[in-house]
Every structure is written in structure tokens, then in C-alpha cells.
J.: 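Take this structure, written in C-alpha cells, and hold onto it; I'll ask about it next.
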2 protein chains.
Amino acid sequence: MNIGQAAKASGVSGKMIRYYEDVGLIPRISRTDSGYRDFSEKDVHILRFISRARSLGFSVEQMYNLLALWQDRNRASSDVKAVALAHIDELDSKIKKLQDMRETLLHLANHCHGDHRPDCPILGDLAAEAQELEDQRAGQELPEP
Amino acid sequence: MNIGQAAKASGVSGKMIRYYEDVGLIPRISRTDSGYRDFSEKDVHILRFISRARSLGFSVEQMYNLLALWQDRNRASSDVKAVALAHIDELDSKIKKLQDMRETLLHLANHCHGDHRPDCPILGDLAAEAQELEDQRAGQELPEP
DNA sequence: TCTTGACCTTCCAACAATGGGAAGCTTTAC
DNA sequence: GTAAAGCTTCCCATTGTTGGAAGGTCAAGA
């Protein structure tokens with residue numbers, strides 16, 4: 001099977017297959033006499049594994065681990081679980097960071113009248129101009145007991 | 001004010017200040033006779049704006065817009081709001097993507113016993129091996145009424 | 001058999017945003 | 001006057017991915 005077919009069958013682009021081979025994530029693919037890569041079913045299987053792992057956000061670095069565990073018949077499932085949980089932690093902190101941004105921005109946007117006038121708390125906040133005014137305004141709108 | 005002081009005052013690293021100047025996000029900074037950058041208060045103000053915008057996840061591309069609007073005294077706040085809302089949409093889709101990953105992974109991790117045995121649904125799912133077996137097992141562990 | 005188009009090969013560049021470091025000049029502090 | 005700290009530019013690395021150029025190969029049709 002050549003690289004185009006392997007790409008279609010695995011969901012990994014030809015470019016990325018060459019890259020993964022280059023960085024050693026996948027083993028060297030055997031070649032035909034003319035130098036074309038010749039993929040076995042096993043190769044495609046590995047690529048499909050990678051495709052799924054990528055779609056779950058695992059980095060190439062983490063995939064080294066996962067692939068090694070996958071191919072180790074004596075692995076402990078606790079090792080696999082540890083990789084997964086570590087990745088969940090990473091996802092959690094990314095999600096939190098984005099959510100914080102989102103909330104701040106939404107708050108600002110909600111206080112922007114969004115009309116033809118130039119006055120806008122979003123820019124005001126970014127410029128940190130009239131910070132007290134900002135605080136006052138927020139205080140009036142969200143009074144704390 | 002030299003670049004080190006401007007960096008401290010704005011929260012943007014010296015490296016990034018040079019980069020932003022290079023790509024035209026900020027205007028050329030004036031120079032002393034010896035070639036050192038010499039930052040005005042206004043320059044620092046702009047840098048602080050950028051620092052805050054970055055912390056809200058705006059890209060350099062979006063900051064071009066925001067800076068232009070900031071400096072346009074005839075802007076319409078609706079234009080600013082539009083940029084903010086567009087960015088919120090981006091954040092939302094990133095968050096959703098990460099949350100989907102997180103959920104899938106957590107589901108798999110929850111079904112992994114995490115002990116010394118090699119059997120693990122996380123690898124099973126990535127390998128897409130014995131998908132029916134997987135489904136059966138999930139069915140046994142989480143019986144649906 | 002020759003041609004053509006669709007594939008494959010390698011290598012190089014680019015993206016976005018940031019950090020690291022080298023070589024060399026300037027300023028500051030002692 | 002010297003040494004340290006800080007500045008300058010320039011190049012490189014990162015992560016994962018795509019694009020393209022130059023050139024070889026394969027398969028189908030004339």
C-alpha cells in the first residue's frame with residue numbers, strides 16, 4: 001500500500017506520516033525497489049491509533065508513551081491510566097484558562113452598548129484608563145453586599 | 001526609557017517588544033544617538049494595552065484591529081464589540097473542542113481499572129480493536145435501562 | 001512504444017508567538 | 001579605567017501542520 005492509500009485508510013495525511021516517521025514516532029516504513037513507501041496493515045493500524053490519539057489532543061510526546069504501552073503486552077493498565085489522567089489535567093487547565101478569558105470578555109462586551117458611539121468599556125479595560133470609573137461602574141451594576 | 005524598563009512597566013518582554021515592532025503591530029520606537037530604543041509614555045501605554053489584550057487571548061492579528069479602533073476617536077463601539085464577540089466565539093469553539101476531548105478521555109479512564117493488568121479500554125479505544133467487546137463491556141459496567 | 005497525468009520522493013519554507021543565545025557595542029557604577 | 005549590566009541585531013528552536021519545487025515512477029490510453 002502506498003502513502004496515499006495509507007493516508008486515506010488511516011486519516012493521517014501523507015505529509016504527517018512522513019513527519020511521524022522522521023521523528024521516530026512510527027517505525028521506518030519498508031520501501032519498494034523504486035523507493036516508494038510500502039505500508040503493511042500493521043503500519044496502517046499504528047497510524048489509525050495515532051489519528052485517534054491526536055483527535056483526543058495527545059501530543060506527539062505523549063503518543064510515544066501510548067504507543068510504547070500499546071505494544072507492551074506486559075503493561076500495567078495503571079500506567080496507561082496515568083497518561084490519560086495527566087492529559088485530562090492538561091486539558092482542564094487549558095479549559096479553565098480559556099473560560100476565564102471568555103468570562104472577562106463577555107462581561108466587558110455585555111457592558112458595551114455596541115452602537116455608533118465611541119465609548120466602550122472593552123477598550124477602556126484594555127487601556128486600563130479610568131480604572132476607578134470602571135470599578136465604580138462594575139460596582140453599581142454588580143453591588144456586593 | 002530603555003527597553004528593559006519598558007518591558008517591566010508594560011508586562012511585555014523585551015523580546016516580544018522587538019517582535020511587535022518588527023511585524024508592525026506597534027510603531028517604530030525612536031532611538032537614542034547610540035541606537036538604543038527610547039520609549040515614550042505613550043509607547044508604554046500601547047504596550048500595556050497589548051499585554052492586556054494578549055492575556056485575553058487576542059491574536060496579533062486581532063490586536064491590529066483593536067489598536068486601530070482604540071486610536072480612532074470616531075470608532076463605533078459596535079465595531080469593538082464585534083471584535084470581542086468574534087473572539088468569544090473562537091474561545092467557545094476551542095473550549096468545546098477541549099471539553100469533548102476531556103469527556104471522551106474521562107469516560108475511558110473511568111472504565112480502566114488502573115491496576116497491574118494490561119487490559120485497558122483506553123488503548124482498546126485508540127486501537128479501535130474489539131470495538132464490540134468494548135461496547136459490551138461498557139454495557140455491562142453502565143447498564144442502560 | 002510514447003506520452004500524459006497522477007502519483008511518489010526529498011528538501012526547504014512558512015505559519016504564530018515565544019524564548020535562548022552569540023557577537024559586539026554602550027552605559028553605568030565603582 | 002575597568003567590569004558588569006544592558007542594549008543592538010541575527011540566527012535558531014519550539015509544535016504540528018501545510019505548501020511548494022524539482023525530480024523520479026507508475027499506469028492508462030493513443
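The model shown is predicted, which means the values in this text are computed figures rather than measured ones. Residue numbering restarts at 1 for every chain, and letters A, B, ... go by the order of the sequence lines.
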J.: In whole Å, what is the span from the NZ atom of B:Lys15 to the C1' atom of D:dA13?
T.: 12 Å
J.: Donor-acceptor pair, B:His87 side chain versus B:Leu56 backbone, under 3.5 Å?
T.: yes
J.: Could you state the CZ-C1' distance from A:Arg18 to C:dC11, rounded to the nearest angstrom?
T.: 11 Å
J.: Counting side-chain heavy atoms from CB outward, which of C:dC8, C:dG19, C:dT18 is closest to B:Tyr20?
T.: C:dT18
J.: Rounded to whole angstroms, how far apart are CG on B:Asp22 and P on D:dT9?
T.: 9 Å
J.: Which parts of residues 29-42 of chain A get close to DNA chain C, meaning a heavy atom less than 4.0 angstrom away?
T.: A:Arg31, A:Gly35, A:Tyr36, A:Arg37
J.: OP1 or OP2 of D:dT18 less than 4.0 angstrom from a side-chain nitrogen or oxygen of A:Ser13, does that happen here?
T.: yes
J.: Do B:Ser77 and A:Asp119 have side-chain atoms, one donor and one acceptor, less than 3.5 Å apart?
T.: no
J.: For A:Ile3 and D:dC26, what is the distance between atoms CD1 and P respectively, to the nearest whole Å?
T.: 16 Å
J.: Below 30° counts as parallel, above 60° as perpendicular, anything between as tilted: where do the rings of B:Phe49 and B:Trp70 land?
T.: parallel
J.: What is the separation between atom OH on A:Tyr19 and atom P on C:dT9, rounded to the nearest whole Å?
T.: 18 Å
J.: Using whole Å, report how far CD1 of B:Ile17 lies from P of D:dG6.
T.: 15 Å
J.: May I have the distance from A:Gln5 (atom CD) to C:dC7 (atom P), rounded to whole angstrom?
T.: 10 Å
J.: Where do A:Arg31 and A:Asp38 land on the salt bridge (charged side-chain N to carboxylate O under 4.0 Å, His left out) test, with the steps shown first?
T.: CA-CA 5 Å; A:Arg31 304 291 183 121; A:Asp38 188 21; over 6 Å; no
J.: What does A:Arg54 touch in the nucleic acid at a heavy-atom separation under 4.0 angstrom: a base, only the sugar-phosphate, or nothing?
T.: sugar-phosphate
J.: Does the side chain of A:Val23 reach to within under 4.5 Å of the side chain of A:Tyr64, using non-hydrogen atoms?
T.: yes
J.: Expressed as a whole number of angstroms, how long is the span from A:Asn2:CG to D:dC26:C1'?
T.: 10 Å
J.: Answer yes or no: is there an ion pair linking B:Lys96 with B:Asp100, defined by an N-O contact shorter than 4.0 Å?
T.: yes
J.: Should the pair A:Arg52-B:Asp125 be classified as a salt bridge under the 4.0 Å nitrogen-to-oxygen rule?
T.: no
